[in-house]
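Below is one structure, written out as C-alpha cells; the observations come after it.
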Amino acid sequence: HAHPQSIELTHMAYKVSDKMVELVNELATRSPIRLLWFLEGRGRGELVAIFLAMLELTRLGAISLKQSDSFTEILIHRVEKEIDAEQFKMYDH
C-alpha cells in the first residue's frame with residue numbers, strides 16, 4: 001500500500017503576502033480578471049502561494065470569486081473595501 005507523496009510546506013519559495021499584494025494590485029488596474037489567465041505559466045510552488053492568497057483575500061472580503069455556471073471560467077473581482085496591505089505580512093509566518 002503506497003503512501004501519497006508528502007508535501008513539504010516548511011519553506012515556501014513564494015510568500016503568500018507577495019501574492020496577495022500582486023493580486024490586489026492587478027485588480028486595482030482591472031476587474032474582473034480571469035483566474036486561468038492569472039495562473040498561467042506559474043510553477044507548483046507559486047500556484048500554492050496564489051491559492052492560499054486567494055483564500056485569505058476572500059476571507060478578508062477583498063476579492064470575490066464568481067463562476068456563472070458549472071465548469072465555466074472563474075473570474076476574480078475586486079471588492080470595494082479598503083484593505084491594508086500591511087496586514088498581509090502576517091501570513092508569512
Side-chain angles (χ1 to χ4, degrees):
H1 178 64
H3 290 287
Q5 182 183 354
S6 65
I7 298 171
E8 182 63 55
L9 284 178
T10 50
H11 175 72
M12 291 184 69
Y14 295 92
K15 289 184 174 180
V16 173
S17 64
D18 288 346
K19 296 299 148 192
M20 291 171 80
V21 169
E22 184 182 338
L23 194 48
V24 165
N25 287 344
E26 190 64 50
L27 287 167
T29 58
R30 59 188 173 147
S31 176
I33 57 175
R34 291 166 39 236
L35 174 60
L36 285 177
W37 171 84
F38 191 72
L39 300 178
E40 208 169 45
R42 313 226 195 204
R44 182 177 171 192
E46 191 172 8
L47 290 173
V48 170
I50 290 170
F51 181 69
L52 293 173
M54 286 192 331
L55 290 177
E56 283 308 321
L57 287 170
T58 303
R59 189 180 66 79
L60 291 170
I63 66 170
S64 67
L65 303 172
K66 295 187 178 144
Q67 188 178 31
S68 58
D69 217 336
S70 298
F71 308 110
T72 59
E73 191 151 46
I74 296 172
L75 297 175
I76 311 168
H77 291 260
R78 178 179 67 241
V79 176
E80 296 303 332
K81 178 180 174 184
E82 275 303 310
I83 293 292
D84 176 18
E86 278 299 304
Q87 69 180 324
F88 296 170
K89 291 185 175 71
M90 66 185 261
Y91 298 105
D92 296 331
H93 302 295

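In this chain, numbering begins with 1 at the start of the sequence shown.
For Q67 (side chain) and T72 (main-chain N/O), a donor-acceptor pair under 3.5 Å exists by modelled atom type.
The CG atom of L47 sits 11.0 Å away from the CG atom of L52 when rounded to the nearest 0.5 Å. In this structure, M54 CE and I76 CD1 are separated by 5.5 Å, a value rounded to the nearest 0.5 Å. Between the CG atom of L23 and the CD1 atom of I50 there is a distance of 8.0 Å, given to the nearest 0.5 Å. Here the CD-CE distance, from E56 to M90, works out to 7.0 Å after rounding to the nearest 0.5 Å. To the nearest 0.5 angstrom, F88 atom CZ is 5.0 Å from L57 atom CG.
If you run side chain to side chain contact (heavy atoms under 4.5 Å, CB included) between V21 and each of N25, D18, V24, only N25 comes through. For the side chain to side chain contact (heavy atoms under 4.5 Å, CB included) criterion with S31, the lone passing option out of L27, T29, I33 is L27.
Of all non-hydrogen atoms in Y14 and K19, the two that sit nearest each other are CD2-CE, 3.9 Å.
S70 is linked by a side-chain contact (heavy atoms from CB on, under 4.5 Å) to nothing, counting only residues two or more places apart in sequence or in another chain. Qualifying side-chain contact (heavy atoms from CB on, under 4.5 Å) partners for R34, counting only residues two or more places apart in sequence or in other chains: W37, E73, L75. Listed by chain and residue number, R78 satisfy the side-chain contact (heavy atoms from CB on, under 4.5 Å) test with E80 (two or more places apart in sequence, or in another chain).
Cluster membership check: M20 does not share its hydrophobic cluster with V79, using side-chain heavy-atom separations under 4.5 Å among Ile, Leu, Val, Met, Phe, Trp and Tyr.
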